[in-house]
Amino acid sequence: MTYNKITGDILAQFTNIVGNDAILTSPAEIADYSHDETEDLVYYPEVVVKPQTVEQVSQLMKICNEQLIPVTPRGAGTGLAGGALAVNGGLMISMERFNHILDIDEQNLQATVEPGVITELFMNAVAEKGLLYPVDPASKGSCFIGGNVANCSGGPRVVKYGTIREYVLNLEVVLPTGEVIWTGANTLKYASGYNLTQLLIGSEGTLGIVTKIVTKLIPRPTLDALMLASFPSNEDACAAVSAIFRAGVVPSGLEFMERRGIEWVIEHDGITFDLKDGIEAFLLIEADGTNQEVIFADCEKINEVLEQHNCQDVLFADTSAQKEELWRIRRTMAVSVKSNSIYKEEDTVVPRAALPKLIKGIKEIGAKYGFESVCYGHAGDGNLHVNIIKAGMSDDDWNNKLKDGITEVFELTVALGGTLSGEHGIGLVQKGFMHLKYTPIHFAIWKGIKAIFDPNGILNPGKIF
C-alpha cells in the first residue's frame with residue numbers, strides 16, 4: 001500500500017477539527033509518542049492529534065480515509081508488542097483526552113467509560129461502591145482501559161474472574177471510514193448476529209477506534225489471604241499449578257516467579273526479602289471471597305498440594321502491608337529486569353499442565369543459543385512471560401541468531417498446545433512468528449475481515465499480519 005503525506009492543507013483541516021492545542025507536529029513534541037515499552041523501537045508519526053469527542057475522531061478518520069493517510073491509534077504507550085507504533089508515519093490519534101468515567105450503574109452492575117481512563121483509577125472508582133472490575137494488568141497504574149481492550153490484556157486475577165472478554169459488553173467504535181457504530185448491546189446475553197464486540201477485543205486498533213466501553217461489574221470480595229510458596233526448582237513450582245485446580249480450588253491469583261527475577265527486584269527496588277539458598281522458584285497464591293472459613297479451607301487444600309510437590313516453605317502474609325509488599329515484588333519484576341539488562345520479552349501461553357515442559361524447554365533453548373532467561377507470569381492461566389537476557393551473547397549472535405532461538409521457544413509453545421501471546425498481543429514484533437501457529441486459511445480470513453472494516457488499509461497498518 002502506498003500512503004500519502006500530510007500536507008499543509010490537510011493539517012489545517014485537522015486543526016479546524018481539534019484546535020491548535022490538540023495538535024503536535026515538531027519532533028520534540030512527538031518524541032514521547034514515537035515509542036512504547038517494546039524494547040528500543042522508535043517510529044515517528046508526522047502529526048499527533050488529541051481529540052476529545054467521537055465526532056472529532058470520526059471527522060479525522062474520514063479525511064484520512066479519503067486522502068490515504070495511515071492512522072495509528074494510541075493509548076498510554078505501555079504496550080509490549082509495538083502495536084501503537086506509527087510504522088508508516090502519518091497521523092497518530094492519541095486517546096488520552098478520552099479520560100472520563102461516564103457512568104457507574106449500580107443497579108445493573110455496569111459501567112460506561114472512555115478509553116483513556118487509567119485502569120487502576122477505574123478499578124478504584126468501582127471499588128468505592130463495593131464493586132469489582134478484576135482485569136488488572138501489571139501496568140494498571142498507567143495503562144488505559146482502551147489499550148486493555150485493544151490488546152485483550154489480563155493480569156493476575158483473571159485466573160478466577162475471567163479475561164477482559166468476559167467484562168466488555170458493548171463498544172462505541174469509529175470505523176476507518178468514519179462511521180460510528182455500537183458493536184452490541186448492554187446485556188449479559190448476546191445471540192443477535194455476529195458478535196462484533198468480541199471481534200474488536202484484541203484487534204489491536206486495526207479494525208476501529210474505540211471511543212466508549214461498557215463493562216460488566218461484579219460484587220467485590222471483602223476478604224483475601226495471600227501465601228508465597230518456595231520450591232527448589234522451576235519444574236516443581238510449575239507442576240503444583242495445575243494440581244491446585246485439580247484439588248478443587250480456584251485461586252484469585254496464582255503467579256510464578258523465578259529466583260533471578262526476585263534477586264533483580266531486590267537490587268532495583270530495595271525490597272527486603274529473605275531469599276534462602278536452594279530456592280529457585282516461587283508461587284504467589286491468593287484466595288479471596290466473603291467467608292473467612294471458606295478462604296482458610298481453600299488455603300489448607302492449597303497447602304496440602306504444595307507439600308505434595310516438594311514445596312520447601314510457605315509464607316502467609318499477616319498484614320495488608322505485607323500483602324502489598326509481596327504483590328509489589330511481582331508487579332515490579334518487569335521494570336527490574338529491564339533496568340538490569342538488554343532484553344527481549346516474549347509472552348507465551350500453554351495449557352496449565354504443560355508449564356513444567358515449557359519452562360524446562362525454554363532453559364534448554366537458552367543454553368543452546370547462549371542467552372539467559374528470567375521467567376514469571378500468570379501461571380494460573382498457563383501464561384508465562386519470558387524475558388530473554390543478552391548476558392554473554394555477542395552482538396552478532398544477539399542481532400542475527402536470537403530470532404532462531406525465539407522461533408524455537410514459540411515452536412515449543414505451539415507443540416504443547418499453546419499460542420504466541422496470552423495478553424501482550426502480536427502487534428509489530430510478533431507478527432513474523434504467526435505462521436508457526438496459523439495456516440494460510442487463517443491469514444486469508446483475517447485479511448478479508450480487515451478489508452471489510454478498512455477497505456483502504458489505513459488503520460494501524462503493518463500490525464498482526
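Every heavy atom of this structure was used, including side-chain atoms; hydrogens, water molecules and symmetry mates were not.
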Would you give the length of the straight line joining atom SG of C299 to atom CD1 of I285, rounded to the nearest 0.5 angstrom?
8.5 Å

Quick one: does L226's side chain get under 4.5 Å of L326's, heavy atoms only?
yes

Spatial distance of atom CG (N234) from atom CG (L355) [nearest 0.5 Å]:
11.0 Å

For S336, side-chain contact (heavy atoms from CB on, under 4.5 Å) partners two or more places apart:
W264, V265, H268, D269, T332

Between atom CD1 of I63 and atom CD1 of I69, what is the distance when rounded to the nearest 0.5 Å?
8.0 Å

Partner residues of N88 under the side-chain contact (heavy atoms from CB on, under 4.5 Å) criterion, sequence neighbours left out:
Y3, P70, P461

Exceeds 12 heavy-atom contacts within 6.0 angstrom, atom CG of N399
yes

Pairwise side-chain contact, E325 with I271, heavy-atom cut-off 4.5 Å (strictly under):
yes

Scan the side chains in residues 143-155 for donor-acceptor partners under 3.5 Å anywhere in the protein, sequence neighbours excluded, and list what turns up.
{"from": "N148", "atom 1": "OD1", "to": "T119", "atom 2": "OG1", "distance (Å)": "2.6"}
{"from": "N148", "atom 1": "ND2", "to": "F144", "atom 2": "O", "distance (Å)": "3.3"}
{"from": "N151", "atom 1": "ND2", "to": "G147", "atom 2": "O", "distance (Å)": "3.1"}

Assess whether side-chain hydrogen bond (donor to acceptor under 3.5 Å, both in side chains) is satisfied between S233 and D236, documenting all intermediate values.
CA-CA 5 Å; S233 74; D236 285 332; 3.0 Å; yes

If you look at every heavy atom in N383 and T348, which pair is closest and at what distance?
ND2-O, 2.8 Å

Within-4.5 Å side-chain heavy-atom neighbours: T206 and F453:
no

Does the side chain of D36 come under 3.5 Å of the side chain of T38 through a donor N or O and an acceptor N or O?
yes

Considering only heavy atoms from C-beta outward, does the side chain of L315 approach that of Q322 to under 4.5 Å?
yes

List for me each residue that meets side-chain contact (heavy atoms from CB on, under 4.5 Å) alongside S26, sequence neighbours excluded, and say none if there are none.
A28, E29

List in chain and number order the residues that pass salt bridge (Lys or Arg N to Asp or Glu O under 4.0 Å) with E96, two or more places apart in sequence or in another chain; answer none if no residue qualifies.
K50

Side chains of M333 and I262: closer than 4.5 Å at any heavy-atom pair?
yes

Check whether any side-chain heavy atom of L11 sits under 4.5 Å from a side-chain heavy atom of I23, and report yes or no.
yes

For R157 and E286, run salt bridge (Lys or Arg N to Asp or Glu O under 4.0 Å): C-alpha distance rounded to whole Å, both residues' side-chain angles, the deciding distance at 0.1 Å, then the answer.
CA-CA 9 Å; R157 293 187 174 92; E286 182 189 78; 2.9 Å; yes

Which pair of non-hydrogen atoms, one from V48 and one from P45, has the smallest distance, and what is that distance?
CG2-CG, 3.7 Å

ring-ring contact (aromatic ring centres under 6.0 Å, His included) involving Y133 - partner list, sequence neighbours excluded
F122

Salt bridge or not between R97 and E114? Use side-chain N to carboxylate O under 4.0 Å.
no

Kindly assign one of parallel, tilted or perpendicular to the pair F371 and Y369, based on the angle between their ring planes and the thresholds 30° and 60°.
parallel

Between S230 and Q312, is there a side-chain donor-acceptor contact under 3.5 Å, judged purely by atom types and distance?
no

Quick test of your reading of the model: are E324 and R328 salt-bridged, counting only N-O distances below 4.0 Å?
no

Could R331 and W327 be counted as a cation-pi pair, given that NZ or CZ must be under 6.0 Å from the ring centre and within 45° of the axis?
yes

Residue pair F231 / I279, side-chain heavy-atom distance below 4.5 Å:
no

For E372, the salt bridge (Lys or Arg N to Asp or Glu O under 4.0 Å) test, sequence neighbours excluded, returns none

Just list the side-chain donor-acceptor pairs under 3.5 Å for residues 411-419, sequence neighbours left out, or say none.
{"from": "T413", "atom 1": "OG1", "to": "V409", "atom 2": "O", "distance (Å)": "2.8"}
{"from": "T419", "atom 1": "OG1", "to": "Y438", "atom 2": "OH", "distance (Å)": "3.2"}

Quick one: which residue pairs count as a side-chain hydrogen bond (donor to acceptor under 3.5 Å, both in side chains) with a foot in residues 65-77, not counting sequence neighbours?
N65-N456

Sorted by chain and residue number, the salt bridge (Lys or Arg N to Asp or Glu O under 4.0 Å) partners of E364 (sequence neighbours excluded) come out as K360

When rounded to the nearest 0.5 angstrom, what is the spacing between CD1 in I213 and CG in L200?
10.5 Å

Going by heavy atoms in the side chains, are D136 and P156 under 4.5 Å from each other?
yes

Can you name the closest pair of heavy atoms from T211 and F98 and give their distance?
O-CD2, 3.9 Å

Cationic N near anionic O, under 4.0 Å, K390 to D395
yes

Determine, for K338 against E37, whether the closest basic-nitrogen to carboxylate-oxygen distance falls under 4.0 angstrom.
yes

Quick one: side-chain contact (heavy atoms from CB on, under 4.5 Å) partners of E345, sequence neighbours excluded?
L80, Y343, Y376, H385, N387, H424

For K403, all residues meeting salt bridge (Lys or Arg N to Asp or Glu O under 4.0 Å), sequence neighbours excluded:
none

Taking 4.0 angstrom as the limit, do E204 and K463 come out as a salt bridge?
no

Using the six-membered ring of Y167, assess whether NZ or CZ of K216 lies under 6.0 Å from its centre and within 45 degrees of the ring axis.
yes

Between D288 and K160, is there a salt bridge with N-O shorter than 4.0 Å?
yes

Does this structure show an ion pair linking K363 with E258, if we count only N-O contacts that are shorter than 4.0 Å?
yes

Test K437 against H442 for side chain to side chain contact (heavy atoms under 4.5 Å, CB included), laying out the working first.
CA-CA 10 Å; K437 171 69 176 176; H442 289 96; over 6 Å; no

